[in-house]
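Worksheet: one structure, shown below.
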Amino acid sequence: MKMKPAKQVSNSTRSNLITIGAIIIVYIICQIMIANGSISNLMKGLLIPLCYYSIMAVSLNLTVGILGELSLGHAGFMCIGAFASAFFSKVTVDTIPNVFIRFTLAILIGALAAALLGSLIGTVVLRLRGDYLAIVTLAFNEIIKNVMNVLYIGVDSEGVHFSIKDAASLNLEEGGQTIVNGPRGITGTPKDATFGIAILLLILTFIIIINLVNSRSGRAIMAIRDNRIAAESMGIDITKFKILAFTISASLAGVAGVLYSHNISTLIATQKNFGYNMSIMILVFVVLGGIGNLRGSIIAAVVLTLLPEYLRFMQDYRMIIYAIVLIVMMIFNWNPKCIAWRKNHSIKGYLAMLFNKQKKEA
Amino acid sequence: MSFISYVIRGISLGSVYSIIALGYTMVYGIAKMLNFAHGDVIMIGGFIIFTIMSTMGLNPLIAVIVAIILCTLLGITIERIAYKPLRKAPSLAVLITAIGVSYFLQNFALLIFGADTKSFTSVINVPDLKLAGGNLTIAGETLVTIPLCIIIMIALTTFVKKSKTGRGMVAVSEDRDAAILMGVNVNRTIAITFAIGSALAAVASALMFSSYPSLSSASGAMPGIKAFVAAVFGGIGSIPGAMIGGILLGIIEILGRAYISSQLADAIVFFVLILVLLIKPTGILGKQIQEKV
């Protein structure tokens, strides 16, 4: 921490550079550990999930922290991104043999699909306020998940066929292929996601949001969050900026979905992965990491994903302990008595006391 | 005839939703928080009744009464331990705590009762009613659920309007600071609200699991969410709104399941919610609050 900051670099820029540096260092350490073979298989399997949970948390923080609207439907956008990109990858797995080009296109398609849906839902939802908005985002989340479970899409030489009844009603000609198979989802998506790409996408997400926050649009968005009426009377187009933030947040969640779908072999929309439970889990990351604090979101996502895994030795008790940790942390953070106690017993305070004593003695 | 029987089943399911929604709507009105753990109190109530009836072999009525008492205590305990310390915290912090409580209750039930789905024995022992020469059958559960829901609704409205505690509740929900100045004990009022909500959750669990008998640690979550949707639907904070919202939701769900698609029934419910909120952003009976600059 004794590093001298370069001139003209603001505090926030430095802190963001430290975050990106830390992500890269963690990546290098993980790579060395993988090369050494000193990393467990469990951890190895968690590396990409950690990245997409972090992307989800950072992008939800844009909606909750920067825009100031409570969204309980973030997993819905992840779902759309996952399905759109998996569909694309599966169709083009033979025509585009180059993994890099195919996966880049898949990421773009996932992000675009989620962004389209995000702007559509945003236009509808952002007219509402507070808890009403929260419940409607949750409703959209459930609708997306349910629709994905009844959707059948097939491809043959004539083009793409849709159905919401069953695979037979697609009327595919011979040689046609059912890609999205209702509740059985998409199977056999190429596993294109690697840890390197995942880390790269996480850093990219981080930079996109940091740049947005520090731009004119970002300041407008935060002005809306802090005082909507004042912002409106300053001539800020509320609807436009709200939808902008919501759409960017959605498209980044779509990117997380792309990583998700290209990391598993069978993509099914269940309550656990794309239902409101997931949205809530991501919200927990955001709130525990600190609302509006992007670095905190990443740390919370990593810690809270690893916590249940490291509590595995406690077997059935682990989720109970997780729940208790959650409640205790919230109370510790927000209860007035705890806040007062923390002020009196903070490490900084002790250090300052120690320092002052030494000064006096000197 | 099948249409009528679907509507009756819808009203029956809707009555259960509206009883659960009352717990949501009252807590929201008074404590201004989304109590995500409410659905899990229903699940716990279901397990208490199941245990007393199947394991101890006692009378269903005793089981329901014990469940009501235990759920009320549970509700008060949750409020005291998890929510009371956060009275002045931002609403998002309280929401996360409620989610924590929900996780806790679900995993606690998973630990105690195991992961397998239990088959709940109906607590209602009323024969089915056959009408129109056997063409129209109304289940015994329905015959109990609908009148019980109406009784609860009337009793609760009377309680809130006439009793001192009830009027205290209204006062706290309208303006907490003014209520404190008028001598209303806010902490006690909130505790009573949680107690009533949880007792109603126990009643709802008895009715719901009698009609839909599969009971597992996750079976409270979705009805909880739907009841919350019902509360928003009718205008959150309003007691008659919860009833109207709940019954409409139940009818939409059953009709959607019967005529459109059984897999899309939930999606239809949520879609109607979105439509209603777009036309009337505070729900059917919700109050439009004028914004002051």
Side-chain angles (χ1 to χ4, degrees), chain A residues 64 70 72 121 124-125 127-136 138-147 149-150 164-165 182-183 228-230 233 271 276-277 280-281 283-284 286-288 291 316-338, chain B residues 28 32-34 36 81-108 110-111 115 218 221-222 225 228-229 231-233 236 261-274 277-278 281-283 286 289 291-293:
Chain A
V64 176
L70 177 58
L72 291 177
I121 293 178
V124 175
V125 159
R127 298 172 40 179
L128 303 166
R129 305 255 168 80
D131 296 321
Y132 287 96
L133 189 143
I135 197 69
V136 170
L138 188 149
F140 268 114
N141 190 169
E142 287 300 301
I143 292 176
I144 294 169
K145 189 204 78 197
N146 269 338
V147 167
N149 266 315
V150 294
I164 56 163
K165 258 165 66 194
R228 196 179 54 81
I229 296 166
S233 51
Q271 190 60 40
Y276 67 88
N277 302 51
I280 284 174
M281 198 177 89
L283 184 70
V284 169
V286 172
V287 175
L288 278 186
I291 298 161
D316 297 340
Y317 294 93
R318 68 192 179 109
M319 284 314 287
I320 289 193
I321 290 172
Y322 181 89
I324 293 173
V325 167
L326 210 61
I327 299 169
V328 169
M329 275 174 87
M330 286 334 279
I331 292 176
F332 185 70
N333 260 338
W334 292 107
N335 185 12
K337 276 182 202 155
C338 290
Chain B
Y28 185 88
K32 293 284 176 291
M33 64 167 288
L34 303 181
F36 256 95
I81 293 175
Y83 302 151
K84 202 179 165 201
L86 295 172
R87 201 75 92 212
K88 294 209 168 69
S91 62
L92 210 51
V94 190
L95 179 73
I96 301 292
T97 314
I99 291 165
V101 173
S102 161
Y103 282 173
F104 178 82
L105 292 179
Q106 281 186 25
N107 289 292
F108 180 74
L110 199 64
L111 193 69
M222 206 55 195
I225 290 286
F228 179 56
V229 166
V232 175
F233 209 66
I236 198 154
S261 159
S262 60
Q263 290 143 311
L264 281 178
D266 288 353
I268 294 164
V269 166
F270 289 118
F271 184 71
V272 175
L273 167 82
I274 293 167
L277 284 188
L278 286 180
T282 47
I289 297 160
E291 206 166 2
K292 288 178 204 140
V293 178

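Note on naming: letters A, B, ... go to the chains in the order of the sequence lines (proteins, then strands), and numbering restarts at 1 for each one. In what follows, every heavy atom counts, from backbone to side chain, and hydrogens, waters and symmetry copies are set aside.
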Contact origin within A/V325 toward chain B - heavy atom pairs under 4.5 Å
neither
Between B/A267, B/A98, B/A82, which has the largest tally of heavy atom pairs under 4.5 Å with chain A?
B/A267
Looking at side-chain heavy atoms only, is the closest gap between B/D266 and A/E142 below 4.5 Å?
no
Check whether A/L128 gets within reach of chain B through its side chain, its backbone, both or neither, counting any heavy atom under 4.5 Å.
side chain
Here the gap from B/L273 atom CG to A/I135 atom CD1, rounded to the nearest 0.5 Å, amounts to 7.0 Å
For each of B/I99, B/L105, B/V229, tally heavy-atom pairs with chain A at distances under 4.5 Å, and name the one with the top tally.
B/I99
Exercise: identify the closest heavy-atom pair between A/I331 and B/L86
CA-CD2, 4.0 Å
To check you understand the geometry: which heavy-atom pair defines the closest contact between B/G100 and A/A323, and what is its length?
O-CB, 3.4 Å
Check: B/I236 and A/Y132 side chains under 4.5 Å, non-hydrogen atoms
yes
Taking B/L264, B/V269, B/V101, B/L110 one by one, which has the highest count of heavy-atom pairs under 4.5 Å against chain A?
B/L264
Closest-packed option against chain A by number of heavy-atom pairs under 4.5 Å, given B/V232, B/N107, B/L278:
B/N107
Less than 4.5 Å apart, side chain to side chain, heavy atoms only: is that true for A/L70 and B/L95?
yes
Sort A/L326 into side chain, backbone, both or neither according to what part of it lies under 4.5 angstrom from a heavy atom of chain B.
side chain
Measure A/V150 against the heavy atoms of chain B and call it side chain, backbone, both or neither at under 4.5 Å.
side chain
Measuring heavy-atom distances to chain B, does A/Y322 have an atom under 4.5 Å in its side chain, in its backbone, in both, or in neither?
side chain
Under 4.5 Å between any side-chain heavy atoms of A/L72 and B/F36, yes or no?
yes
B/F270 side, atom CZ; A/L138 side, atom CG - distance, nearest 0.5 Å:
6.0 Å
The reported gap from CG in B/L277 to CZ in A/R127 (rounded to nearest 0.5 angstrom) is 10.5 Å
Steps toward side-chain contact (heavy atoms from CB on, under 4.5 Å) verdict (A/I143, B/I274):
CA-CA 11 Å; A/I143 292 176; B/I274 293 167; 3.8 Å; yes
Mind ranking A/V136, A/I320, A/V124 by heavy-atom pairs under 4.5 Å with chain B and telling me who comes out on top?
A/I320
Between the CZ atom in B/F271 and the CG atom in A/N146, the distance rounded to the nearest 0.5 Å is 13.5 Å
Of all the heavy-atom pairs spanning A/N335 and B/P85, show the shortest one and how long it is.
OD1-O, 3.0 Å
Do B/Y103 and A/I280 come within less than 4.5 Å of each other through their side chains, counting heavy atoms only?
yes
Using a cut-off of under 4.5 Å on heavy-atom pairs, state which of B/I81, B/T97, B/I268 scores highest against chain A.
B/T97
Below 4.5 Å from any heavy atom of chain B, which atoms of A/M329 appear? Answer side chain, backbone, both or neither.
neither
Heavy-atom cut-off 4.5 Å, strictly under: side chain, backbone, both or neither for A/I144 against chain B?
neither
At what distance, to the nearest 0.5 angstrom, does CG of B/L111 lie from CE of A/M319?
12.5 Å
